[in-house]
Amino acid sequence: MNVFGVDIGGSGIKGAPVDLERGTLAEERHKVLTPQPATPDGVAGCVVEVVENFGWTGPVGVTFPGVVAGSTIRTAANVDKSWIGVDAGTLLSERLGGLPVTVLNDADAAGIAEMAFGAGRGRKGTVILLTLGTGIGSALFVDGRLVPNTELGHLELKGHDAETRASTKAKEDEDLSWEHWATRRLRKYLAHVEMLFSPELFIIGGGVSRKADRFLPLIEGIRAEIVPAELQNNAGIVGAGMAASTA
């Protein structure tokens, strides 16, 4: 069975049909740039473009970079603030000609996929997935059950949102070496999260997970096991499809 998944990010919006039996993309994903400013109208138009690229006419799951209550947006960190208070499910369904739409937090979607098909498969205890990219998303699981909308990228670290210091964007904007970023930024952030939640496992996702060998071996002093996401940057699409299939 296939269901469509769309992953809205601060820099790109990508989607594809998802094979729910294998937890993989059924076709090569289609990606467009996130409009600037990333308003509801502009982003909705991009979601429509991605879905229509495949001629899709069934249920659609959509991730969003912020807190999602039901299908209403409560926070918007890396997209336009005009999203706050918008019923994204209703908006996107209308723009897609009435197709059923399920909306959830982007990192929660990635975590759902990794727990079912990736690095968290079969793991009990406390597991935290962190998506490193434009910001830092988080998904917290206790014995396989999701605690939604944790948004741990906004924990305070040295007087700032953690994601402004430890995200991939921070590394690129400040031209930090892998060693500096891993040992002085990411390690300190992981230590802070570990102090608060004592997880057995950290799963590191986002596009940078493809380069895990460049930075994970440099991180020391963390008790929890740290592994890269197996689904890498497709996890959000897969998780969105999974959410749509159970709505």
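Excluded from the calculations below are hydrogen atoms, water molecules and symmetry mates; all remaining heavy atoms, backbone and side chain alike, are included.
In E179, the CD atom is not crowded: 12 or fewer heavy atoms of neighbouring residues, nucleotides or ligands sit closer than 6.0 Å. Few gaps surround CG on L196; more than 12 heavy atoms of other groups in view lie less than 6.0 Å from it.
A salt bridge does not link D7 with R29: every distance from a Lys NZ or Arg NE/NH1/NH2 to an Asp or Glu carboxylate oxygen is 4.0 Å or more. Using a 4.0 Å cut-off between charged nitrogen and carboxylate oxygen, E28 and K14 do not count as a salt-bridge pair.
Counting heavy atoms from C-beta on, the side chains of D161 and E156 never come closer than 4.5 Å. Between L25 and I237 there is a side-chain heavy-atom pair separated by less than 4.5 Å. The side-chain heavy atoms of L216 and I204, taken from C-beta on, include a pair separated by under 4.5 Å. Taking 4.5 Å as the limit, some side-chain heavy atom of P35 sits within range of a side-chain heavy atom of I13. Under the 4.5 Å side-chain criterion, counting only non-hydrogen atoms from C-beta, I219 is in contact with L190. Using a 4.5 Å heavy-atom threshold, the side chains of T102 and P59 count as separate. Put simply, the side chain of I8 reaches to within 4.5 Å of the side chain of V43, judged on heavy atoms. Residues L104 and V62 fail the side-chain proximity criterion, which asks for heavy atoms closer than 4.5 Å.
Atom-to-atom distance recorded for L92:CG and R95:CZ is 8.5 Å, nearest 0.5 angstrom. Separation of atoms OG1 (T150) and CG (L130) is listed at 8.5 Å; rounding is to 0.5 Å. From R187, atom CZ reaches atom CD of E194 across 10.0 Å, with rounding to the nearest 0.5 Å. In this structure, CG on L176 lies 11.5 Å from CG on L186, to the nearest 0.5 angstrom. In this structure, CZ on R185 lies 4.0 Å from CZ on R165, to the nearest 0.5 angstrom. Between the CG atom of N2 and the CG atom of L20 there is a distance of 7.0 Å, given to the nearest 0.5 Å.
Here the side chain of K188 pairs no donor or acceptor atom with the backbone of T183 at under 3.5 angstrom. At least one donor-acceptor pair under 3.5 Å links the side chain of R121 to the backbone N or O of F117. With hydrogens and angles ignored, the 3.5 Å screen pairs no side-chain donor or acceptor of T75 with any backbone N or O of G66. For the pair S209 (side chain) and G206 (backbone), a donor-acceptor distance under 3.5 Å is present. Within the 3.5 Å criterion, the main-chain N or O of P199 finds no donor-acceptor partner in the side chain of T126. Between the side chain of W83 and the backbone N or O of A38 there is at least one donor-acceptor pair closer than 3.5 Å.
Across all non-hydrogen atoms, the minimal contact from G120 to I203 is N-CD1, 3.7 Å. Here the shortest heavy-atom pairing between A139 and F141 reads CB-CE1, 3.7 Å. The two residues G89 and V101 have their closest heavy-atom pair at O-CB, 4.0 Å. Nearest heavy-atom pair across A110 and T131 is CB-CG2, 4.1 Å. The nearest pair of heavy atoms linking Y189 to A166 is CB-CB, 4.0 Å. The minimum heavy-atom distance linking T134 with S167 is given by the pair O-OG, 3.9 Å.
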Notebook entry, point to check: Can you list the steps and then say if E49 with H30 is a side chain to side chain contact (heavy atoms under 4.5 Å, CB included)?
Noted result: CA-CA 9 Å; E49 179 182 343; H30 181 68; 4.1 Å; yes
Next item on the list: Could you please spell out the steps behind the side chain to side chain contact (heavy atoms under 4.5 Å, CB included) verdict for D19 and R22?
Entry: CA-CA 6 Å; D19 182 333; R22 297 187 300 164; 3.0 Å; yes
Next item on the list: Could you check V227 against L201 for side chain to side chain contact (heavy atoms under 4.5 Å, CB included), going step by step and ending with a plain yes or no?
Entry: CA-CA 8 Å; V227 300; L201 175 67; 3.8 Å; yes
Check: Could you walk me through whether L152 and I136 pass the side chain to side chain contact (heavy atoms under 4.5 Å, CB included) check?
Finding: CA-CA 7 Å; L152 300 181; I136 297 178; over 6 Å; no
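Ring pair F4/W56 is tilted by interplanar angle, where 30° to 60° counts as tilted.
Hydrophobic clustering, with ILVMFWY side chains joined whenever heavy atoms are under 4.5 angstrom apart, keeps V193 apart from L146. V127 and I226 sit in two unconnected hydrophobic clusters of ILVMFWY residues. Membership requires side-chain heavy atoms under 4.5 Å apart, directly or through other members. By the criterion of side-chain heavy atoms lying less than 4.5 angstrom apart, applied directly or through intervening Ile, Leu, Val, Met, Phe, Trp or Tyr residues, I112 is not grouped with V6; the two fall into different hydrophobic clusters. In this structure, F54 is not a member of the same hydrophobic cluster as V238, with clusters built from ILVMFWY side-chain heavy atoms closer than 4.5 Å. V86 and L96 fall within the same hydrophobic cluster, where Ile, Leu, Val, Met, Phe, Trp and Tyr residues are linked whenever their side-chain heavy atoms come under 4.5 Å apart, directly or through other members.
For the residue pair T39/D41, the side-chain donor-acceptor check at 3.5 Å is not satisfied. In summary, the side chains of N105 and E151 do present a donor paired with an acceptor at a separation below 3.5 Å, with no hydrogens or angles considered. If you check the side chains of D87 and S71, you find a donor sitting under 3.5 Å from an acceptor.
Seen from the ring of W178, K171 counts as a face-on cation partner, given the 6.0 Å and 45° thresholds.
Partner of R123 under the salt bridge (Lys or Arg N to Asp or Glu O under 4.0 Å) criterion, chosen from E225, E200, E114: E225.
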